[in-house]
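One structure is given here, and the rest of the page talks about it.
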There are 2 protein chains.
Amino acid sequence: MTPKVLLVEDEAPIREMMSLALSKVGYTIIEAEDAASARKRMLDDLPDIMVVDWMMPGESGIEFVRSVKSESLTKQIPVIMVTARAEEDDRVRGLEVGADDYMCKPFSPKELAARIKAILRRTNPQLTDAPIEVNGLRLEPDSHRVFANDKSLELGPTEFRILHFFVTHPERVYSRGQILDYVWGSNVYIEERTVDVHIRRLRKALTPAYNGLVQTVRGAGYRFSTRS
Amino acid sequence: MTPKVLLVEDEAPIREMMSLALSKVGYTIIEAEDAASARKRMLDDLPDIMVVDWMMPGESGIEFVRSVKSESLTKQIPVIMVTARAEEDDRVRGLEVGADDYMCKPFSPKELAARIKAILRRTNPQLTDAPIEVNGLRLEPDSHRVFANDKSLELGPTEFRILHFFVTHPERVYSRGQILDYVWGSNVYIEERTVDVHIRRLRKALTPAYNGLVQTVRGAGYRFSTRS
DNA sequence: CGCCGATATGACAATATTGTGACAAAAAAC
DNA sequence: GTTTTTTGTCACAATATTGTCATATCGGCG
């Protein structure tokens with residue numbers, strides 16, 4: 001799952017320099033040479049972050065960013081503005097229209113990579129939830145822990161995610177396919193039987209006190225329920 | 001280490017009045033005139049407390065606080081809400097979205113400083129530079145030293161900062177990226193694996209008595225916890 | 001009972017993640 | 001300037017996790 005970077009820059013040499021540097025560091029690069037095509041690529045490819053040149057023929061980078069940041073579908077995509085000028089004023093204007101960071105040419109590829117990385121890191125914060133308790137079984141998302149009557153249980157990462165999903169979606173049957181979607185993500189090809197194995201591992205970790213909570217529904221899937 | 005206060009207030013005169021008064025009392029002030037730039041400054045500068053105006057053009061203070069308090073990275077930053085109205089109802093709503101205190105205009109700079117101090121004292125004891133002790137492990141912020149049962153430990157500067165961060169944010173998992181943000185700052189380009197190395201150095205320095213405190217959570221990050 | 005499909009379980013190799021020692025560059029101390 | 005400490009990164013080792021399989025067990029049904 002390498003992050004996708006959309007480069008919007010009219011000058012081909014600069015674009016290619018950036019593209020090369022970034023793909024070397026492990027990003028997937030999408031290029032656009034003007035605002036119009038950028039708009040298209042943005043909607044088609046859903047980049048994780050955009051690097052936009054300030055000065056471009058036609059619609060300027062500023063206008064482009066402003067419109068991107070005013071549409072709900074795209075406003076959350078972080079943007080780094082790039083400009084030749086280093087005026088404090090520009091910086092302010094850039095950030096004003098909603099850019100998340102600002103760089104002046106010339107800059108090193110390394111610096112660009114660094115900023116992208118920093119922004120992705122902080123715009124992707126894990127959301128937290130309050131602890132969930134059911135029948136003396138407590139799951140704390142913050143500390144990433146599960147307690148059975150205050151005794152800590154050892155769960156693997158996947159088992160933790162499954163339990164988290166179950167605890168937040170109780171009393172309802174989910175097929176193996178649905179569980180794969182919710183816990184692993186939609187675009188993953190994994191045998192459905194693998195769910196069985198992880199269910200078993202989860203039950204084992206909950207043994208002996210709480211394994212009745214994870215119930216098999218023959219022909220349908222699994223269910224998390226406090227009712228037997 | 002003077003506490004950093006982020007002022008979010010659209011009216012410049014009021015903002016400056018507050019800024020002046022607070023910096024006189026020894027705080028570092030960061031100003032923002034709307035929610036968008038406040039968000040940026042918040043992530044860049046990691047303030048210790050925020051003072052947010054209720055009524056602002058664009059995204060209101062209420063919405064801003066709600067979103068701040070729902071993100072793991074920022075939810076623990078205390079917030080004081082400021083409003084022109086003195087309705088009991090407002091107070092309830094303000095505290096409901098997660099604000100830690102509530103003030104009505106007009107207020108004296110002195111009162112503001114007092115409230116900030118009170119909140120910092122109860123939510124961020126380390127800013128008062130008071131030693132922090134946990135399980136016989138004592139960390140003294142002013143002397144920059146750590147003692148295990150009164151025997152001084154040799155920590156490097158970075159290890160000290162990590163431990164300081166951990167001690168003040170216990171019982172909770174932080175990803176390598178979050179630890180980088182908090183300990184190194186948001187704008188550095190450092191390999192996430194570097195955190196591992198420093199964690200190891202920290203553990204080594206705490207060995208043998210206290211290394212169980214720094215726990216690895218596979219697939220998630222690290223956690224400082226007194227519970228096994 | 002004996003059959004069938006569905007589910008449980010143990011084992012295992014492939015992967016992924018984390019721990020660790022070494023090292024050179026940078027920073028700080030002298 | 002030189003020496004010492006600290007820092008970030010790497011390569012490799014040590015572990016833990018993951019997905020899949022083969023096989024056992026189960027549940028229902030004629």
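Here is the naming used below: chain letters follow the sequence lines, and residue numbers restart at 1 for every chain. Because the structure is a prediction, the values reported are computed rather than measured.
- Taking the charged nitrogens against the carboxylate oxygens, D44(A) and R41(A) have no contact shorter than 4.0 Å, which rules out a salt bridge.
- Between R138(A) and D150(A) there is a salt bridge, since a side-chain N of the basic residue sits under 4.0 Å from a carboxylate O of the acidic one.
- On the nucleic acid side, DNA chain C has its first and last nucleotide under 4.0 Å of a heavy atom of chain B at dT17(C) to dA22(C), going 5' to 3'.
- Applying the salt bridge (charged side-chain N to carboxylate O under 4.0 Å, His left out) test to pairs two or more places apart or on separate chains, those with a residue in residues 159-171 of chain A are E171(A)-R227(A).
- Annotation: side chain of Y174(A) is not in contact with side chain of R223(A) (no heavy-atom distance under 4.5 Å).
- Proximity of M18(A) to L112(A): side-chain heavy atoms (C-beta onward) are separated by under 4.5 Å at one or more points.
- Evaluation of the salt bridge (charged side-chain N to carboxylate O under 4.0 Å, His left out) rule for E63(B) yields no partner, not counting sequence neighbours.
- Across all strands shown, V217(B) has heavy atoms under 4.0 Å from sugar-phosphate atoms exclusively, and none from any base.
- The distance from the CD1 atom of I190(A) to the CD1 atom of I179(A) is 13.0 Å, given to the nearest 0.5 Å.
- Counted within 6.0 Å of CZ on F147(B), heavy atoms from surrounding residues, nucleotides or ligands total more than 12; the atom is thus considered enclosed.
- Bending across the helix from dC1(C)-dG30(D) to dC30(C)-dG1(D), expressed as the angle between its end axes from five pairs apiece, amounts to 30° (10° rounding).
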Tabulated below should be each protein N or O lying under 3.5 Å from an N or O of nucleotides 25-28 of chain D; please produce it.
none

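- Ion pair K4(A)/D45(A) not flagged as a salt bridge, since none of the NZ, NE, NH1 or NH2 atoms sits closer than 4.0 Å to an Asp/Glu carboxylate oxygen.
- The residue F160(B) sits apart from the nucleic acid: no heavy atom pair falls under 4.0 Å.
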Below 3.5 Å is the cut-off: list the nitrogen or oxygen pairs between protein and nucleotides 6-10 of chain D, distance only.
from	atom 1	to	atom 2	distance (Å)
dT7(D)	OP1	T158(B)	N	3.2
dT7(D)	OP1	T158(B)	OG1	2.6
dT7(D)	O5'	T158(B)	OG1	3.4
dG8(D)	OP1	W184(B)	NE1	2.9
dG8(D)	OP2	W184(B)	NE1	3.3
dG8(D)	OP2	H198(B)	NE2	2.9
dG8(D)	N7	R201(B)	NH1	3.4
dG8(D)	O6	R201(B)	NH2	2.6
dT9(D)	OP2	E191(B)	N	2.8
dT9(D)	OP2	T194(B)	OG1	2.6

Quiz prompt | Residue pair L139(A), F160(A): steps toward the side chain to side chain contact (heavy atoms under 4.5 Å, CB included) verdict | solution = CA-CA 9 Å; L139(A) 185 145; F160(A) 184 87; 4.2 Å; yes

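- Taking the six-membered ring for Trp and thresholds of 30 and 60 degrees, Y182(A) and F165(A) have nearly parallel ring planes, at less than 30 degrees apart.
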Quiz item: L137(A) and V146(A): side chain to side chain contact (heavy atoms under 4.5 Å, CB included), yes or no, with the steps?
Solution: CA-CA 7 Å; L137(A) 183 73; V146(A) 178; 3.9 Å; yes

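- Taking the charged nitrogens against the carboxylate oxygens, R145(B) and E154(B) have no contact shorter than 4.0 Å, which rules out a salt bridge.
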